[in-house]
Novice: 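First, the structure itself, so that you have it in front of you.
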Amino acid sequence: MGSCSRLIFAAFSLWLAVVATAEDPYLFFEWNVTYGTISPLGTPQQGILINGDFPGPEINCTSNNNIVVNIFNNLDEPFLLTWAGIQNRKNSWQDGTPGTMCPIPPGQNYTYKFQVKDQIGSYIYFPTTSLHRASGGMGMLKVHSRELIPVPFDKPTADVAILLGDWYNKDHKTLKRILDSGRSIGKPDGIQINGNSGRIGDPGEPLISMVPNKTYRLRVCNVGMRLSVNFRVQGHTMKLVEMEGSHTVQNTYDSMDIHVGQCMSVLVTANREPKDYYFVASTRFFKQTLTSVAAIRYSTGKGFASPDLPPPPPENNNAVPWSISQFRSFRWNLTASAARPNPQGSYHYGKINITRTIKLANSRQVIDRKLRYAINGVSHMDPETPLKLAEYYGMADRVFQYDLVKDEPPQDVKVVVAPSVKNGTFRNFVEIIFENQENTVQTWHLDGYSFFAVAIEEGKWGPEKRSNYNLEDAVSRHTVQVYPNSWAAVMLTLDNAGMWNLRSDMRERAYLGQQLYLSIVSPEHSLRDEYNLPPTQVLCGIVKGKPNLALYT
Ligand SMILES: *[C@@H]1O[C@H](CO)[C@@H](O)[C@H](O)[C@H]1NC(C)=O
Ligand SMILES: *[C@@H]1O[C@H](CO)[C@@H](O)[C@H](O)[C@H]1NC(C)=O
Ligand SMILES: *[C@@H]1O[C@H](CO)[C@@H](O)[C@H](O)[C@H]1NC(C)=O
Ligand SMILES: *[C@@H]1O[C@H](CO)[C@@H](O)[C@H](O)[C@H]1NC(C)=O
Ligand SMILES: *[C@@H]1O[C@H](CO)[C@@H](O)[C@H](O)[C@H]1NC(C)=O
Ligand SMILES: *[C@@H]1O[C@H](CO)[C@@H](O)[C@H](O)[C@H]1NC(C)=O
Ligand SMILES: *[C@@H]1O[C@H](CO)[C@@H](O)[C@H](O)[C@H]1NC(C)=O
């Protein structure tokens with residue numbers, strides 16, 4: 001560990017000792033997961049509902065709250081939810097991925113307990129089992145700043161969750177059968193916005209009703225299966241204020257590109273002639289543009305929205321340069337606070353020496369006439385025993401082999417299908433390069449962490465590209481996009497012990513193997529670094545029936 005990160009760590013420990021005195025508040029939820037009919041694109045289909053709703057209930061909480069969610073699985077299949085972007089520090093036990101937890105069997109319940117420690121911002125939860133996300137089961141998780149910590153903008157009149165993304169009219173079982181037979185699920189049928197898809201002249205229920213001259217926060221997340229989306233508000237500009245847990249420099253935009261798995265907050269002020277306007281979402285970087293609209297109404301308004309929709313950004317050769325240039329405009333506000341009183345910029349990530357470079361290349365292959373997706377030649381499959389449990393009980397060698405994925409993409413293209421776990425060294429400061437040699441946009445998400453997205457460029461990465469990195473004010477976030485034949489670089493300190501899923505956020509790709517787990521083990525085996533297996537944890541596979549061991553002290 002460099003002296004600088006040691007310093008940061010010392011400051012952080014001191015801060016913890018000062019702040020973590022009284023126990024943080026608890027919020028309790030009881031969720032019933034069922035099938036039910038939904039019509040996101042106007043055609044009724046079977047969806048996955050939580051307490052009868054799609055999108056599911058919102059978790060509205062404050063930094064450091066303890067969240068307890070008792071989930072009753074009333075589907076006919078095993079089920080898990082993940083809290084994407086919630087770091088679950090020391091607690092990959094509750095991360096809700098098949099590599100860390102046994103799924104909740106049909107007809108049973110399980111209680112998640114986790115803390116939104118030192119985080120603020122906009123996040124989503126969604127199912128990680130099967131292809132459930134194609135049918136719903138997702139919702140928003142908002143984390144507010146604590147009372148005395150300044151927020152770099154005035155409290156908005158309302159804070160509106162918008163979950164949007166591509167959608168298929170086929171349900172998850174049909175889509176899964178297609179993937180299991182070795183084919184692709186193909187192109188989506190449309191775009192849904194909070195479970196609806198409106199058209200010009202028939203936008204459906206208003207998304208918000210705005211009082212003139214008031215300002216509204218829209219928290220927008222792309223919960224789609226594969227496509228990037230551009231969103232915009234007719235007649236209005238949007239001021240970007242937050243992105244996946246960071247307060248950003250507050251630039252103003254006419255439209256925003258948002259890639260699968262990403263979330264951002266924009267402020268919209270009702271400062272135009274009082275009537276209806278359209279909120280527009282349309283697909284990007286895709287041969288056929290799918291568009292949906294929703295109404296934004298003025299409370300005093302009279303009159304329909306104009307049918308002239310604001311134009312999308314360029315879709316020709318300028319599409320990627322336009323989007324990269326927008327990415328570069330996203331900056332961390334160094335003087336603003338996030339979850340802690342100290343300014344975000346007091347974490348000088350650009351001064352820490354890189355201890356390891358991991359370069360990951362995505363690929364798409366047909367193996368034995370079946371479509372698979374891989375990372376550095378390894379296509380992941382979930383074993384029956386969660387990887388974390390096998391590792392904890394010292395039985396890893398019966399379930400998986402470490403480091404099938406090397407730090408460099410292999411020359412040899414023969415893909416291996418196997419559980420994929422990569423060993424990381426606790427507290428290393430690493431650079432991960434995502435290299436995309438395919439001609440479609442990719443998005444990558446890492447659980448348990450946020451990372452600094454320091455660069456995205458077209459072409460090939462080489463060490464000389466480091467001179468182009470933003471080492472001052474890159475946004476700390478949890479999902480990064482990579483354009484066709486391009487690369488993206490992120491940096492982070494591996495200081496959260498656990499087993500963490502690194503995945504393509506495109507569900508077809510993740511389901512067919514484009515994911516791995518990063519195992520970060522603290523050599524001290526200390527409770528300071530990682531919690532013990534929770535006493536209530538269900539055990540399955542080869543660890544079923546084992547005594548619950550408290551290994552860390
Ligand atoms: C980073 O590496 C350089 C060159 O090896 C060294 O001089 C410097 O002290 C290191 N910085 C830190 C913070 O460890
Ligand atoms: C959950 O929903 C199912 C189906 O609607 C219902 O039978 C069951 O009683 C509900 N369970 C709870 C705990 O609400
Ligand atoms: C969400 O939490 C914030 C902060 O505690 C509070 O101001 C707001 O009223 C809550 N919203 C809802 C819908 O409960
Ligand atoms: C299942 O729900 C019951 C009733 O709320 C609760 O007492 C029990 O602890 C839950 N079981 C698990 C494993 O979470
Ligand atoms: C950054 O945050 C500070 C502190 O809250 C605020 O005063 C400033 O306006 C913000 N700067 C930008 C460029 O958004
Ligand atoms: C909104 O603000 C504008 C300019 O500040 C002002 O002219 C107008 O009267 C305000 N409208 C309402 C309804 O308050
Ligand atoms: C993982 O890496 C650490 C630190 O480099 C090393 O001590 C450990 O033996 C490795 N574990 C495995 C299973 O390879």
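Counting starts at 1 for both ligands and their atoms, following the listed order. FYI, side chains are in, hydrogens and waters are out, and symmetry mates aren't considered; it's all heavy atoms of this structure.
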Novice: Out of Asn109, Asn51, Asn73, Asn74, which residue meets the side chain to side chain donor-acceptor pair (under 3.5 Å) rule with Asn32?
Specialist: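 Output: one option passes, namely Asn74.
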
Novice: Would you say the side chains of Gln515 and Asn501 form a donor-acceptor pair under 3.5 Å?
Specialist: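 Judged by distance alone, the side chains do pair up.
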
Novice: What I want to know is whether Lys351 and ligand 1 share at least one N or O pair that is separated by under 3.5 angstrom.
Specialist: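 Lys351 vs ligand 1: no N/O contact under 3.5 Å.
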
Novice: Ignoring hydrogens and angles, state whether a donor on the side chain of His380 or Ser420 is under 3.5 Å from an acceptor on the partner side chain.
Specialist: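 There is no such pair (donor and acceptor under 3.5 Å, judged by atom type) between the side chains of His380 and Ser420.
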
Novice: If the threshold is 4.0 Å, N to carboxylate O, is there a salt bridge linking Arg226 and Glu508?
Specialist: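 Salt bridge flag = no for Glu508 with Arg226.
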
Novice: Based purely on interatomic distance, does Asn32 place a nitrogen or oxygen under 3.5 Å from a nitrogen or oxygen of ligand 2?
Specialist: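 For ligand 2, there is an N or O atom that lies under 3.5 Å from one belonging to Asn32.
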
Novice: For atom 5 (O) of ligand 2, what is the nearest protein heavy atom, given as residue, atom name and distance?
Specialist: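 Here the closest protein heavy atom is Thr34 CG2, 4.2 Å.
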
Novice: Heavy-atom distances under 4.0 Å decide this one: backbone, side chain, both or neither, for Tyr110 against ligand 4?
Specialist: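 Looking at Tyr110 and ligand 4, just backbone atoms fall under 4.0 Å.
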
Novice: Just by distance, with hydrogens left out, do Ser450 and Ser476 show a side-chain donor and acceptor under 3.5 Å apart?
Specialist: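 There is such a pair between these side chains.
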
Novice: Is the distance from the ring center of Trp332 to that of Tyr347 below 6.0 Å?
Specialist: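 Centroid distance Trp332-Tyr347: not below 6.0 Å, so no.
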
Novice: Quick one: which ligand 4 atoms are inside 4.0 Å of a heavy atom on Asn109?
Specialist: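 Answer for ligand 4: 1 (C), 2 (O), 3 (C), 8 (C), 10 (C), 11 (N), 12 (C), 13 (C), 14 (O).
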
Novice: Inspect the contact between Lys176 and Glu77 and indicate whether a charged nitrogen and a carboxylate oxygen are less than 4.0 angstrom apart.
Specialist: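 Salt bridge flag = no for Lys176 with Glu77.
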
Novice: Starting from atom 4 (C) of ligand 4, what is the nearest protein heavy atom, named by residue and atom, and what distance separates them?
Specialist: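 Looking at atom 4 (C) of ligand 4, the protein heavy atom closest to it is Asn70 ND2, 4.1 Å.
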
Novice: With atoms numbered from 1 as shown, which atoms in ligand 4 lie under 4.0 angstrom from a non-hydrogen atom of Thr111?
Specialist: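 Reading through ligand 4 atom by atom, the close ones are 12 (C), 14 (O).
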
Novice: Which of the numbered atoms in ligand 2 are under 4.0 angstrom from any heavy atom belonging to Asn74?
Specialist: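 The list of qualifying atoms is 1 (C).
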
Novice: Under 4.0 Å from atom 11 (N) of ligand 2, do we find at least one protein heavy atom?
Specialist: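 True for atom 11 (N) of ligand 2.
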
Novice: Going by the atom numbers of ligand 4, which of them fall below 4.0 Å from some non-hydrogen atom of Phe72?
Specialist: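 With Phe72 as reference, the close atoms of ligand 4 come out as 2 (O).
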
